[in-house]
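Quick notes on the structure that follows.
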Amino acid sequence: MSMNQQGRPTNAGKTTDTITNESALLPAEPLLFEIGSRDHTGVDLPAAPQHKSRLGTFKRQTPLELPGLSEPETMRHYVRLSRLNYSIDSGLYPLGSCTMKHNPRLNEKMARLPGFADVHPLQPISSVEGALEVISELGQWLMTLTSTHAVAMSPKAGAHGELCGMMAIRAAHQDKGEGHRSVVLVPESAHGTNPATAAFLGYKVKPIPAKADGTVDVAAVEEALSPDVAAIMLTNPNTCGLFEPDIKKIADAIHAAGAYFYCDGANFNAIMGVVRPGDLGIDAMHINLHKTFSTPHGGGGPGAGPVVLSQVLAPFAPVPFIRRSGSGPELVEHVGQGKSLGRLTAFHGQMGMFTRALTYMLSHGGDGLERAAKDAVLNANYLKVRLSELFSMPYGEQFCMHEVLCDDEFLKGTGVTTLDFAKAMIDEGYHPMTMYFPLVVHGAMLIEPTESESLNELDRFADTMLELARAALDGETERFTSAPLKAPLRRLDETSAARNPKLKWIAE
Ligand SMILES: *Cc1c(COP(=O)(O)O)cnc(C)c1O
């Protein structure tokens, strides 16, 4: 791979035979520093009047070295970059566990209404009653769908919701005089954020092995229970795409030991309207609005991870929360004499996400949400059956929930790895599936089509995947190991990028 003098990969080694070294209309965009120059500027302002500096030793001694660009140059840079970004609006996005589903445009229309989009968190309450009503109504839907007693709306992501729920659990133990409980049980197939959350709060993480069928072993949970255990953090449906059939037994065992049941509900899209987690004995569960209830979330945000709480944990919910009273929704901002765990974020949560999620719910209706969940599961099982022609699947004899899990057994002896396969998908115009997760499966490929995809689109994807698998099995190794051949920067060294990131442009 060719690098520039800053160590940044460039497209100079690209196999194009064009004069500009560009490939049709898909350019590899240089950095602003490479396009602009430090002795130009795109703006034409009169020189600043001279003042005596009051910054003392803090005054910058060297020039700022920012590149100067004209407005059209700047515009083109960002528009060209945006076109390099794959999105659910441009194609199927099979990232398992991430639930990249279509965000209906109605959601956007509602979220952009000035009364929601322009609301300021410090506005007088009397001027934001509509916004509070939306937050409150959304909270009611979440509690109804999950059969729970309270909801914390402010967490800003799934992982943040986990923190909130586990803090409520910690507060409940402390309230009972059992603050010494120091262990959290986490099944091996858990999302990485689960053990991270427990460890962040100072808990010792005790892994629970999975059974041969990919689900949690109740006997192993029972064996791990002790007066030191504060909680279990369990994902359902789990990250192998399977419903935990013994979840009720696990909940009963946890409660009998005086511990609480945290459920990672990021995969709620597979069961919403079908199963109410509260009925299964969960005490706290976050819901990723940005997965289950649409909302665009590629590129790392924004998100919203409200947490529903059982009756026993409800008193410990964080502030602020909304109380329904005769005169309309009322915002409770202060802990007062209550047992609330306190405040997690400065304000009330992500208004845009709330509006999108409630729009999604109201436009689907309760029956529509159930239908969406069932369609997501149907689509995944359709892909599972089609792909099973060539792909190996560790838990293949069971139906899956909303995602299909393959391993790399079928690639054995081909010289093609899961990573190579994913890179070849890019050449075919598909964003790769989730790779090497869950960790319990060798060379995992986790594929989640969601309910957004039509039969046509599912077939096109399955045909492409099978064709690629056939090519790998036929010994076309090179096509995989050197993929992607058609992406502007070809294959990047992801390990170096993560281990040795270059975050700063060094001016020569
Ligand atoms: C996405 C996900 C999370 C984390 O959610 P973020 O919003 O990315 O913090 C946690 N658990 C599971 C199972 C997930 O799929």
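The first residue of the sequence shown is numbered 1, and numbering continues consecutively from there. Whatever order the structure lists ligands and atoms in, that order sets their numbers, starting from 1. Only heavy atoms go into these numbers, but all of them, side chains included; no hydrogens, no water, no symmetry mates. Remember, it's a predicted structure, so these values are computed and weren't measured experimentally.
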- Check ligand 1 against A157 and write out every atom of the ligand that is under 4.0 Å from a heavy-atom position of the residue. 7 (O), 9 (O)

- Closest to atom 5 (O) of ligand 1 among protein heavy atoms sits N288 ND2, 3.0 Å

- Message: Need the ligand 1 atom indices (1-based, order shown) with element for anything under 4.0 Å from a heavy-atom of A266.
- Response: 2 (C), 11 (N), 12 (C), 13 (C), 14 (C), 15 (O)

- Classify the side-chain pair E244/N238 by whether it contains a donor and acceptor separated by less than 3.5 Å. yes

- Of T146, N288, L142, the residue whose pairing with F268 passes side-chain contact (heavy atoms from CB on, under 4.5 Å): T146

- Message: Check the orientation of Y86 and H431. Use parallel for under 30°, tilted for 30 to 60°, and perpendicular for over 60°.
- Response: tilted

- Task: Give yes if a backbone or side-chain nitrogen or oxygen of T235 is under 3.5 Å from a nitrogen or oxygen of ligand 1, and no if not.
- Result: no

- Between the main-chain N or O of A314 and the side-chain N or O of H149, is there a donor-acceptor pair closer than 3.5 Å? no

- Message: Please enumerate all residues that pass side chain to side chain contact (heavy atoms under 4.5 Å, CB included) together with Q123, with sequence neighbours excluded.
- Response: V119, H120, S127, V128

- Message: Tell me the protein heavy atom at minimum distance from atom 6 (P) of ligand 1, and give that distance in Å.
- Response: G158 N, 3.4 Å

- Give yes if a backbone or side-chain nitrogen or oxygen of K291 is under 3.5 Å from a nitrogen or oxygen of ligand 1, and no if not. yes

- Task: Measure the distance from atom 9 (O) of ligand 1 to every protein heavy atom, then report the residue, atom name and distance (to 0.1 Å) of the closest one.
- Result: A159 N, 2.8 Å

- Could you tell me whether some N/O pair between H290 and ligand 1 is separated by less than 3.5 angstrom? yes

- List in chain and number order the residues that pass side-chain hydrogen bond (donor to acceptor under 3.5 Å, both in side chains) with K206, two or more places apart in sequence or in another chain; answer none if no residue qualifies. none

- Applying a strict 4.0 Å limit to heavy atoms, is H160 in contact with ligand 1? no

- Hey, does D264 come in under 3.5 Å of ligand 1, counting only N/O atoms on both sides? yes

- Query: For ligand 1, which atoms have a heavy atom of T193 less than 4.0 angstrom away?
  - Reply: 10 (C), 11 (N)

- Message: Are K384 and N381 packed together at the side-chain level, in the sense that at least one heavy-atom pair is separated by less than 4.5 angstrom?
- Response: yes

- Under 6.0 Å between the ring centres of Y260 and H173? yes

